[in-house]
2 protein chains.
Amino acid sequence: MEIPPVVIDRLPLYARALASLEAQGREVVSSQELGQQLNVTPAQIRKDLSYFGRFGKQGRGYNVRKLLDELRSILGLNRQWRMTLVGTGRLGRAILGYEGFAPQGFRIIQTFDSDAEWVGKQVNGLTVHSTDDLEKVLADSPVDVGIVAVPAETAQNVIDRLVACGVTAILNYAPIAAHVPPHVHIKRIDPVLALQGMTYYLKANAASK
Amino acid sequence: MEIPPVVIDRLPLYARALASLEAQGREVVSSQELGQQLNVTPAQIRKDLSYFGRFGKQGRGYNVRKLLDELRSILGLNRQWRMTLVGTGRLGRAILGYEGFAPQGFRIIQTFDSDAEWVGKQVNGLTVHSTDDLEKVLADSPVDVGIVAVPAETAQNVIDRLVACGVTAILNYAPIAAHVPPHVHIKRIDPVLALQGMTYYLKANAASK
DNA sequence: ATCTGTGAAGCACTTCACAGCG
DNA sequence: CGCTGTGAAGTGCTTCACAGAT
């Protein structure tokens with residue numbers, strides 16, 4: 001069955017809420033309550049889950065632990081994922097230092113930079129490789145995900161090379177709309193775009209002040 | 001007229017591409033070419049723009065400069081936007097150091113932290129205020145946007161207080177689904193959610209390796 | 001000949017509403 | 001009686017296809 005992409009994007013949200021409920025010792029939760037926490041309608045949650053199976057009990061709701069396990073298995077969150085970081089500048093070093101990845105099973109195992117100043121140095125326990133050696137290093141120890149934190153000008157080139165190395169998931173911090181073949185998944189992290197999408201609604205407000 | 005939210009989210013993308021074309025000295029561009037650059041269908045671009053007016057010339061395309069000006073005016077990108085940052089930890093300091101905001105007219109003018117260790121210190125030219133003084137500081141110098149970079153546990157509280165201070169646009173880096181009144185706009189920046197949405201598609205792949 | 005602007009058609013996602021199980 | 005699972009209805013966004021302007 002072909003599952004709507006929006007549904008896939010919501011599942012991690014459900015998993016996160018369930019993990020929090022489990023930590024609180026909750027055993028059962030209804031689509032109603034889960035929806036309230038996440039600003040999603042109960043019907044949406046039930047329909048989303050129904051693409052994958054029947055996980056609830058009528059009259060009771062969902063077993064928190066069981067549903068969480070199901071979602072983790074569906075999303076592949078019960079594995080370790082190996083990631084490479086290209087670009088060890090200001091932004092790249094912040095990404096290396098981010099403590100949010102490891103607890104969720106995402107590990108950055110390599111880092112690259114094109115600035116000779118940084119190549120060979122240690123950053124957060126990793127030796128910075130020259131971006132020239134991307135193919136060589138990835139051949140030795142392949143990864144599941146590529147994180148791109150290079151300037152806009154070189155981002156497409158880096159993405160092309162990651163794809164050529166067999167990377168099929170890319171997290172792109174560079175402010176470009178990258179081109180990738182259909183089998184490659186790419187998501188953009190772009191705070192400026194997010195802000196610019198909100199100022200439209202602020203405009204009227206600000207003008208009247 | 002009520003404009004579809006997805007349309008608003010695409011306009012900054014168009015503006016960015018146009019800015020790049022302008023920098024290259026291009027005077028005219030067709031929806032076809034713009035679409036190719038951005039992975040958007042030409043029809044989509046034309047329909048999106050048609051919500052706001054008729055900016056093109058049949059047989060020729062769009063004047064790059066003119067369309068860019070229009071979009072900037074529609075989105076409010078020709079203004080300076082004042083932002084406050086709550087949370088001056090690792091993540092917050094990375095946000096303070098990010099060079100991508102200022103060139104687009106987004107300025108962080110205040111920063112807060114609840115750790116007494118940091119309060120009073122200078123970070124990137126700003127004095128760190130105590131989060132306790134949020135209301136006081138915002139009353140003196142109000143902002144348009146709030147950036148939340150505090151731990152999940154305190155994020156909802158911080159967001160409530162920002163909203164109470166009249167902030168109507170929030171960029172949320174905390175891993176929670178925040179609750180805000182309908183007139184407040186909020187966007188989440190969450191790399192882990194983005195990754196977890198991609199691993200679903202990687203799963204099959206990784207297992208067969 | 002080329003490319004826009006746009007009604008109309010098509011598609012995808014969301015919500016409704018209720019049968020059925022616990 | 002409460003809450004799930006799900007066809008069917010509804011909504012909103014995308015794409016088509018072409019008239020009309022240059």
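First the proteins, then the strands, lettered A, B, ... as listed; each starts at 1. Hydrogens, waters and symmetry mates are skipped; everything else that's a heavy atom, side chains included, is used. Predicted model only: the values in this text are computed from it and were never measured.
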Output the rounded distance in Å from CD (B/Glu2) to P (D/dG12). 10 Å
Interatomic distance, A/Glu70 CD vs D/dT4 P [rounded to whole Å]: 16 Å
Has B/Asp190 got a side-chain atom pairing as donor or acceptor with B/Leu193's backbone, closer than 3.5 angstrom?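 Yes; judged by distance alone, with no hydrogens or angles, the pair exists.
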Could I get the full list of side chain to side chain donor-acceptor pair (under 3.5 Å) partners for A/Arg60, not counting sequence neighbours? none
Sequence-distant partners of [X], ring pair (Phe, Tyr, Trp, His ring centres under 6.0 Å), two or more places apart:
X: B/Phe101; value: B/Tyr98
X: A/Tyr14; value: none
X: B/Tyr200; value: none
X: A/Phe112; value: A/His129

Strictly below 4.0 Å, heavy-atom distances to any atom of DNA chain D: list the hits from residues 40-52 of chain A, or just say none.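 Contacts with DNA chain D under 4.0 Å: A/Arg46, A/Lys47, A/Ser50.
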Can you list every salt bridge (Lys or Arg N to Asp or Glu O under 4.0 Å) pair that touches residues 26-45 of chain B, not counting sequence neighbours? B/Arg26-B/Glu33
Give me each pair satisfying salt bridge (Lys or Arg N to Asp or Glu O under 4.0 Å) with a member in residues 191-202 of chain A, each pair once, sequence neighbours excluded.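 Sorted pair list comes back empty.
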Those residues that, when tested against B/Lys187, pass salt bridge (charged side-chain N to carboxylate O under 4.0 Å, His left out) (two or more places apart): B/Asp9
Electrostatic pair A/Asp144:A/Arg82 at N-O distance under 4.0 angstrom: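 No.
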Go through residues 58-65 of chain B and report each residue with a non-hydrogen atom lying under 4.0 Å from DNA chain C, sorted by number. B/Gln58, B/Gly59, B/Arg60, B/Gly61, B/Tyr62
Proximity to DNA chain C (any heavy atom under 4.0 Å), residues of residues 6-36 of chain B only: B/Ser30, B/Ser31
Residue closer to the 5' end of DNA chain C, A/Arg54 versus B/Gly56 (nearest nucleotide): B/Gly56
So, for B/Pro12 and B/Leu75, which heavy atoms are closest and what is the spacing to 0.1 Å?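 Looks like N-CD1, 3.7 Å.
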Quick one: are B/Arg46 and B/Tyr62 in side-chain contact, heavy atoms under 4.5 Å? yes
Under the side-chain contact (heavy atoms from CB on, under 4.5 Å) criterion, do A/Val145 and A/Ile170 qualify, and how do the steps go? CA-CA 6 Å; A/Val145 179; A/Ile170 292 173; over 6 Å; no
Under 4.0 Å from any heavy atom of chain A: name the first and the last nucleotide of DNA chain C that qualifies, 5' to 3'.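 For DNA chain C, the relevant span reads C/dC13 to C/dG22.
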